[in-house]
Amino acid sequence: MAEGVTPQSEDYSRWYTDVVQKAELADYAPVKGCMVIRPYGYALWENIHDALDSRFKATGHENAYFPLFIPMSFLQKEAEHVEGFSPELAVVTIGGGEKLEEPLVVRPTSETVIGHMYAQWIKSYRDLPVLINQWANVVRWEMRTRLFLRTTEFLWQEGHTAHETAEEAQEETIRMLRVYQDFAENEAAIPVIPGRKSASEKFAGAATSYTIEAMMGDRRALQSGTSHNLGQNFAKAFEIRYLDRNNELQYCWTTSWGVSTRMVGAIVMVHGDDKGLALPPRLAPIQAVIVPISKTDEEREQVLPAAEDIFKRLQAAGVRVKLDARTEFTPGWKFNEWEMRGVPLRIEVGPRDVANQSAVLARRDIPGREGKTFVPWAELDIKVPEALVTIQKALFDRALAFREEHTHRPENYEQFKEAVEDGFALAWWCGDLACEDAIKTDTKATNRCIPLEQDGGTGKCVYCGKDASEKAIFARAY
RNA sequence: CGGGGCGUAGCGCAGCUUGGUUAGCGCGCGUGUUUUGGGAACACGAGGUCGCGAGUUCAAAUCUCGCCGCCCCGACCA
């Protein structure tokens with residue numbers, strides 16, 4: 001591994017790609033816009049997967065799998081949907097050397113094929129709700145790609161549910177948005193703003209879209225998860241109907257919601273620094289790394305068994321721990337490498353520590369001497385898990401403080417323009433597309449969402465001055 | 001698709017302007033010795049279809065034309 005990364009202050013986007021590659025999260029694939037998720041990055045994704053999956057199960061959802069290929073005609077059944085996705089479809093026209101009767105779309109999302117199946121499975125109100133999630137890969141032919149943030153192929157989960165009433169569908173939409181918020185804040189240590197998307201930003205085919213928006217280290221916004229109330233749009237397009245309690249045929253109300261490998265990019269950009277990644281302990285593939293230190297063979301014979309003993313102890317205490325006993329690297333080199341890879345806690349064991357029956361704990365989130373403490377061996381199985389909890393909270397608190405510092409409540413358009421230069425602007429908005437567009441053209445800031453949690457009261461639209469009943473977050477976004 | 005940059009060893013680059021023996025350098029890699037509390041040192045060694053294709057020439061990494069690919073910045077998007 002080469003030394004160092006481009007500093008954030010010098011070139012943030014180069015810093016980002018440097019970190020992703022040097023921390024060995026991912027690498028460029030031979031096909032443009034595609035990436036290889038390396039074992040370390042995939043281990044992080046697996047932890048994201050598990051944390052989300054257990055939450056889905058706890059809220060009554062089941063996993064299933066639907067096919068990669070979707071008949072082209074399915075996409076065309078929902079007018080807005082096909083319009084939104086056509087420009088970025090990958091289409092298969094030849095199979096087994098023969099031209100296909102009907103082209104197959106490589107799924108960009110699965111509402112259509114799942115809607116088709118739901119139409120066959122759902123007959124009665126007794127069949128509802130249907131609560132299914134799938135973990136899958138999808139393909140969107142994006143013009144400009146960035147590792148994890150926007151790749152041609154990406155991994156995600158997509159939940160698809162069908163309900164008896166509009167109210168139930170809306171409840172589900174918000175429930176899953178809150179699940180995403182809980183995951184982002186408590187697992188990824190990323191503070192997010194849950195909110196509603198404006199009409200121009202909503203999912204193609206949805207009645208209403210909701211999002212969790214997060215602020216990255218360069219103060220730009222990243223949509224980190226979405227939950228859509230699809231109304232009866234897809235139910236009507238795919239004839240998803242049921243007989244209600246009065247024996248009358250009704251269309252279902254459906255939802256869909258997703259979180260993707262983009263979340264990895266969010267974690268990199270929210271917590272990372274010029275030393276590299278900083279992973280939240282709850283998701284980190286390696287929570288603590290033990291670095292043994294010895295000058296002579298004699299010392300090594302004392303230090304290594306001590307390190308191995310600590311390793312076993314921590315493993316027994318449920319810590320994801322790694323012992324880095326490689327002899328070809330110096331301790332200093334290892335310190336830098338594990339910092340680059342974002343391991344939350346480093347444990348140093350050298351001759352001095354063996355003599356004192358203690359070890360040095362060094363926190364990734366606090367650089368240098370300040371982040372170091374000496375801990376007796378006997379207390380490690382308590383102190384290490386404690387430190388991980390502390391670090392998890394510290395990362396969240398720091399990210400929240402950063403977001404607050406760069407979130408402004410402009411009173412007028414001049415202040416608004418300054419605000420979006422610095423970060424988020426939370427401003428009164430009349431709800432007009434015209435104002436959104438004008439703001440975008442003028443400042444490059446887009447309407448990220450109308451937060452569910454409002455300040456209250458009413459005001460005047462920050463752009464046009466008309467009456468406004470809600471505030472929206474505006475920011476430059478990824 | 002518009003703008004910019006780049007393709008020479010695994011990575012980062014020099015060489016190209018002004019064509020000329022066997023294409024260099026740093027890092028990394030292999031072996032050995034000494035090292036190890038913040039990115040160790042020395043010695044020896046392995047590693048190249050100079051992006052691809054045509055052309056000019058006695059001679060092309062170098063000049064000409066064409067093509068391909070990648071990265072960054074914008075419009076589109078999770």
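Letters A, B, ... mirror the listed sequences (proteins, then strands); counts begin at 1.
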Residues [X], [Y]: salt bridge by 4.0 Å N-O rule:
{"X": "A/E421", "Y": "A/R476", "value": "yes"}
{"X": "A/R175", "Y": "A/E172", "value": "yes"}
{"X": "A/D365", "Y": "A/R398", "value": "no"}
{"X": "A/K197", "Y": "A/E213", "value": "yes"}
{"X": "A/E348", "Y": "A/K372", "value": "yes"}
{"X": "A/D273", "Y": "A/R364", "value": "yes"}
{"X": "A/E339", "Y": "A/K334", "value": "no"}
{"X": "A/R313", "Y": "A/D309", "value": "yes"}

Margin query: Between A/D11 and A/G225, which residue's closest nucleotide on RNA chain B lies nearer the 5′ terminus?
Written below: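 Counting from the 5' end, the first nearest nucleotide belongs to A/D11.
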
Next item on the list: Map A/Q223 and A/C34 onto RNA chain B by nearest heavy atom, then report which one ends up closer to the 5' terminus.
Entry: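 Comparing both residues, the 5'-ward one is A/C34.
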
With a 4.0 Å cut-off on heavy atoms, is [X] in touch with a base, just the backbone sugar-phosphate, or nothing at all?
{"X": "A/G258", "result": "nothing"}
{"X": "A/R14", "result": "nothing"}
{"X": "A/S224", "result": "nothing"}

Tell me whether the side-chain N or O atoms of [X] pair up with the base of [N] as donor and acceptor below 3.5 Å, since no angle test is needed here.
{"X": "A/R346", "N": "B/G38", "result": "yes"}
{"X": "A/E337", "N": "B/G39", "result": "no"}
{"X": "A/R140", "N": "B/C77", "result": "no"}

Show me the protein contacts with nucleotides 40-46 of chain B, counting only N or O atoms at under 3.5 Å.
residue : atom : partner : partner atom : Å
B/A40   : OP2  : A/T330  : OG1          : 2.6

Note to self: Let's test your reading of the pairing rules: Watson-Crick or G-U wobble, both distances under 3.5 Å, then write RNA chain B as a dot-bracket string with ( ), [ ], | and dots.
What the structure shows: ((((((((.[[[[.)....(...]]]].((((((.....)))))).....[[[[[..)....]]]]])))))))....

Next item on the list: Take atom C1' in B/G47 and the same atom in B/G26, then report the distance between them in whole Å.
Entry: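 Those two atoms are separated by 15 Å.
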
Among side-chain atoms of [X] and [Y], is any donor-acceptor pair under 3.5 angstrom?
{"X": "A/S198", "Y": "A/E436", "answer": "yes"}
{"X": "A/D11", "Y": "A/T6", "answer": "no"}
{"X": "A/D218", "Y": "A/W15", "answer": "no"}

Set out, line by line, the N/O atom pairs under 3.5 Å between protein and nucleotides 30-33 of chain B.
none

Check: Please give, in whole Å, the distance from B/G38 P to A/K275 NZ?
Finding: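 Computing the A/K275:NZ to B/G38:P distance gives 12 Å.
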
Notebook entry, point to check: Taking atom C1' of B/C70 as reference, at what distance in whole Å does atom CG of A/L147 sit?
Noted result: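 One finds 12 Å between C1' of B/C70 and CG of A/L147, rounded.
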
Check: With sequence neighbours left out, which residue pairs that include part of residues 76-91 of chain A fulfil the side-chain hydrogen bond (donor to acceptor under 3.5 Å, both in side chains) condition?
Finding: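 Residue pairs passing side-chain hydrogen bond (donor to acceptor under 3.5 Å, both in side chains), neighbours aside: A/E80-A/K202.
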
Donor-acceptor contacts, no H, no angles, side chain residues 36-52 of chain A, under 3.5 Å, sequence neighbours left out:
residue : atom : partner : partner atom : Å
A/Y40   : OH   : A/R341  : O            : 2.6
A/N47   : ND2  : A/L283  : O            : 2.9

Item checked: Selection: residues 289-309 of chain A, any non-hydrogen atom under 4.0 Å of RNA chain B ->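 Output list: A/I293, A/S294, A/K295.
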
Check: Picking from B/C76, B/G38, B/C72, which would you name as closest to the side chain of A/R146?
Finding: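 The nucleotide sitting nearest to the side chain is B/C72.
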
Item checked: Test log, rule side-chain hydrogen bond (donor to acceptor under 3.5 Å, both in side chains), inputs A/H228 and A/S209 -> CA-CA 4 Å; A/H228 312 292; A/S209 285; 2.6 Å; yes

